[in-house]
Amino acid sequence: MKCSNINSKPPSENNPSPVPPGKESSDFIREIIREDLRTGKYQGRVHTRFPPEPNGYLHIGHAKSICLNFGIARDFGGKCNLRMDDTNPCKEEVEYVESILEDVRWLGFDWEDRMFYASDYFEQIYLWAEELIQKGNAYVCELTADQVRDTRGTLTQPGRESPFRNRPVAENLELFRQMRAGKFPDGSRTLRAKIDMASPNLNLRDPVMYRILHAEHHRTGDAWCIYPMYDFTHGQSDSIERITHSICTLEFENHRPLYDWYIRELGIYAPQQIEFARLNLTYTVMSKRKLLELVKGGYVRGWDDPRMPTISGLRRRGYTPEAIREFCARIGVAKVEGTVEISLLEHCLREDLNKRAPRVMGVLKPLKVVIDNYPEGQVEQMEAVNNPEDAAAGTRQVPFSRVVYIEEDDFREDPPKKYHRLAPGKEVRLRYAYLITCTEVIKDPKTGAVVELHCTYDPATRGGNTPDGRKVKGTIHWVSAAHTLTAEARLYDYLFTKENPDVVEEEGKTFLDNLNPNSLVVSPFLVEPGLAGATAGERYQFERLGYFSVDPDATPERPVFNRSVTLKDTWSKIEKAQGKER
RNA sequence: UGGGGAAUAGUGUAACGGCAGCACGAAUGACUCUGGAUCAUUUAGUCUAGGUUCGAAUCCUAGUUCCCCAGCCA
């Protein structure tokens with residue numbers, strides 16, 4: 001039984017979630033765009049872009065931005081570009097570029113023929129720098145990084161002007177050309193914009209436009225040894241691409257006056273920048289720096305570790321693009337900085353998978369059950385429903401025999417109140433099989449642990465039916481001991497033990513001290529034999545346990561299942577509440 | 001401390017001077033061959049203080065709290 005129906009749609013489909021009329025999403029950015037459309041500000045054009053820096057893998061926060069930018073283009077019949085903001089050769093790598101392309105595509109978005117790199121514009125940006133020099137708007141500064149910092153002033157005090165600030169244009173031009181020609185060592189000179197060292201906005205205190213970096217760029221190689229700063233690149237890149245609405249996160253609000261200054265002085269097309277709050281999620285971290293630290297420090301197995309909030313991690317974990325898109329739609333867009341509860345993400349996955357994931361059975365903590373009155377050597381094929389939410393998913397045969405394994409948790413020698421499962425003398429239903437009654441409990445004489453149960457079955461209840469109409473509260477899952485396939489389960493929990501991992505109780509501790517030591521538990525998994533040969537990416541619901549997806553580490557002999565998310569567990573809540581009563 | 005932003009149930013997000021709504025969470029019940037799903041019900045909110053107005057989450061004034069900015073990172 002394959003799970004192809006829940007594989008993501010081909011990337012060519014640029015319309016991942018057609019919006020039913022009346023259900024169009026709305027937020028303050030779309031409001032602005034509607035207004036711009038009404039007033040004809042951009043002649044009816046809507047053109048956005050998603051501009052990541054290829055210095056790490058994309059995470060769920062980027063998904064929010066991707067859904068926003070591509071979603072707006074879709075909703076308003078516009079376009080959305082994909083652009084790598086690759087102005088810092090020291091941090092950027094092709095591996096990251098490739099992962100970004102894969103992730104955006106997997107999420108279901110299509111940039112068509114509009115894949116760009118800021119580095120494609122290096123020559124134009126260089127020319128613009130010369131233009132500003134000509135206009136007397138920029139100068140070559142020989143202050144060291146430390147000196148620049150010292151002369152920048154503080155939040156309350158103005159900075160001091162560089163001694164090189166009033167160099168003649170011709171000298172600046174000559175020096176800048178020598179910078180490009182590689183005449184100077186790294187850090188010895190910068191090109192600075194001549195704006196206002198007393199500005200209350202520190203970004204306008206003669207910001208650096210170009211720095212010298214004798215570093216190999218992932219695309220331009222060694223063609224350049226000077227590189228433009230992000231601030232001197234981003235706005236112009238948007239301008240070149242004729243972007244109408246440059247949507248970015250809140251921390252760039254302070255930079256907008258600088259972008260506007262460059263655009264104005266250069267006299268080029270001006271996009272409109274709109275800022276929104278980035279996504280924060282409980283029990284995880286979202287900064288690329290911290291994510292990098294987790295990877296480099298070996299705290300996780302890689303960028304695509306299923307515990308990571310990266311797109312590739314979520315994908316490996318078993319998340320669907322549909323669930324992530326739905327999540328992004330539900331969290332909305334605003335300027336308030338907040339933290340979304342991870343339970344909403346989990347809800348979106350469950351909601352999606354409930355409709356589509358085939359059900360199967362598997363036992364994590366096996367307890368042997370011998371059905372004494374069931375004929376030895378007999379095997380019956382039980383018909384099981386593949387998905388009660390989807391009749392078209394059909395049924396399958398599951399082998400049943402005299403010895404089965406059930407979940408350790410599904411038996412209590414001394415059952416608490418409201419416990420509906422197996423206990424001495426009690427009857428439960430083995431899902432799709434028979435009703436059984438516990439007659440004997442066998443324990444390890446040394447430890448006292450229950451090691452085996454003996455039961456009797458009611459032959460009249462084949463398939464789990466009760467012809468006499470009697471009600472049985474408990475239905476539990478099982479696997480036939482003689483037919484079980486041993487798989488591996490990877491049970492994931494939150495990566496951190498704290499809602500906000502950055503909150504540390506002692507000075508000197510970091511988010512790493514809040515790592516959850518139990519975020520991954522590997523366990524043998526006894527699953528029904530039909531799962532042999534399960535292939536990577538398939539998603540299943542193991543009844544009563546949760547949704548799992550097949551990990552790429554799986555082999556035909558030994559499937560590996562990642563637990564994507566557990567099922568909601570009402571019983572554990574009841575039990576917890578009972579524990580508190582005592 | 002200068003500048004730039006933001007404050008609506010536990011969380012996220014609507015309401016654009018006219019009934020504070022939705023989702024997640026939590027709780028209760030119904031139903032159930034998954035203690036799943038589904039259905040029903042409940043819970044709980046406009047940062048504070050003034051003002052304008054017939055009427056304020058929305059407008060005005062003052063205050064409070066939180067976030068961002070002192071990279072040759074993005």
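Below, each value reflects all heavy atoms present in this structure, side chains not excepted, and no hydrogens, waters or symmetry copies. Here is how names work: the chains are called A, B, and so on, in the same order as the sequence lines, proteins then strands, and each is numbered from 1.
- Side-chain to base pairing of Arg421(A) with G35(B): one donor and one acceptor N or O lie within less than 3.5 Å of each other.
- Counting non-hydrogen atoms under 4.0 angstrom, Leu143(A) reaches a base of the nucleic acid.
- Classification of Glu53(A) and Arg83(A) as a salt-bridged pair fails, no side-chain N sitting under 4.0 Å from a carboxylate O.
- Salt-bridge annotation for Asp502(A) and Lys290(A): present, with a side-chain N of the basic residue lying under 4.0 Å from a carboxylate O of the acidic one.
- Interface remark: the Gln157(A) side chain does not form any donor-acceptor pair with the U1(B) base, using a distance-only criterion of under 3.5 Å.
- Nucleotides A14(B) and A74(B) place their P atoms 32 Å apart, quoted to the nearest Å.
- A gap of 43 Å separates the P atoms of U52(B) and C24(B), to the nearest Å.
- Ionic pairing of Glu575(A) and Lys418(A) is not present here: no N-O contact between side-chain nitrogen and carboxylate oxygen is shorter than 4.0 angstrom.
- Distance noted for atom C1' between G10(B) and A49(B): 27 Å (whole Å).
- Between Phe525(A) and Phe548(A), the ring center distance clears the sub-6.0 Å criterion.
- For Arg211(A), a side-chain nitrogen or oxygen approaches OP1 or OP2 of A74(B) to under 4.0 Å.
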Dot-bracket for RNA chain B, please, read 5' to 3', with Watson-Crick or G-U wobble pairs under 3.5 Å on both distances, ( ) within the strand, [ ] crossing, | other strand, . unpaired.
.((((((..((((....[..))))((((((.......))))))...(((((..]....))))))))))).....

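- G51(B) sits 32 Å from G12(B) when the C1' atoms are compared, rounded to a whole Å.
- A salt bridge links Glu528(A) with Arg396(A): the distance from a Lys NZ or Arg NE/NH1/NH2 to an Asp or Glu carboxylate oxygen falls below 4.0 Å.
- Checking Glu251(A) against Arg350(A), the closest nucleotide of RNA chain B that is more toward the 5' end is the one next to Arg350(A).
- Scored by the side-chain contact (heavy atoms from CB on, under 4.5 Å) test, Lys296(A) finds Tyr96(A), Leu292(A) as partners (sequence neighbours excluded).
- A close approach under 4.0 Å does not occur between any side-chain nitrogen or oxygen of Arg152(A) and OP1 or OP2 of C69(B).
- Note on Arg431(A): every side-chain N or O is 4.0 Å or more away from OP1 and OP2 of G36(B).
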Where along nucleotides 7-13 of chain B does protein come under 4.0 Å, by heavy atom, of base (B) or sugar-phosphate alone (S), with - for untouched nucleotides?
S--BSSS

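- Checking C72(B), A26(B), A74(B) against every side-chain atom of Phe252(A), the shortest atom distance belongs to A74(B).
- If you check every strand for non-hydrogen atoms under 4.0 Å, Glu389(A) touches a base.
- In this structure, Asp120(A) pairs ionically with Arg219(A), as a charged nitrogen and a carboxylate oxygen lie closer than 4.0 Å.
- Using cut-offs of 30° and 60° for the angle between ring planes, the Tyr126(A) and Phe176(A) rings count as parallel.
- Each of Leu250(A) and Thr156(A) was matched to the nucleotide of RNA chain B holding its nearest heavy atom; the match closer to the 5' end belongs to Thr156(A).
- Looking at the side chain of Leu567(A), the nearest of the listed nucleotides G35(B), A74(B), G36(B) is G36(B).
- No engagement by Phe232(A) is indicated, since no non-hydrogen atom pair under 4.0 Å with the nucleic acid exists.
- Rounded to the nearest Å, the gap between the C1' atom of A57(B) and that of G45(B) is 10 Å.
- Put simply, His420(A) rests on the base of G35(B): the two rings are less than 5.5 Å apart at their centres and nearly parallel, under 30°.
- We find that Arg356(A) and Glu322(A) are joined by a salt bridge, their nearest charged nitrogen and carboxylate oxygen being less than 4.0 Å apart.
- Between Arg192(A) and Val140(A) the shortest side-chain heavy-atom distance does not fall below 4.5 Å.
- Here the nucleotide nearest the side chain of Pro200(A), chosen from G3(B), G36(B), U32(B), is G3(B).
- Counting any heavy atom pair closer than 4.0 Å across all strands shown, Asn254(A) reaches a base atom.
- In this structure, Gln147(A) atom CD and G71(B) atom C1' are separated by 16 Å, rounded to whole Å.
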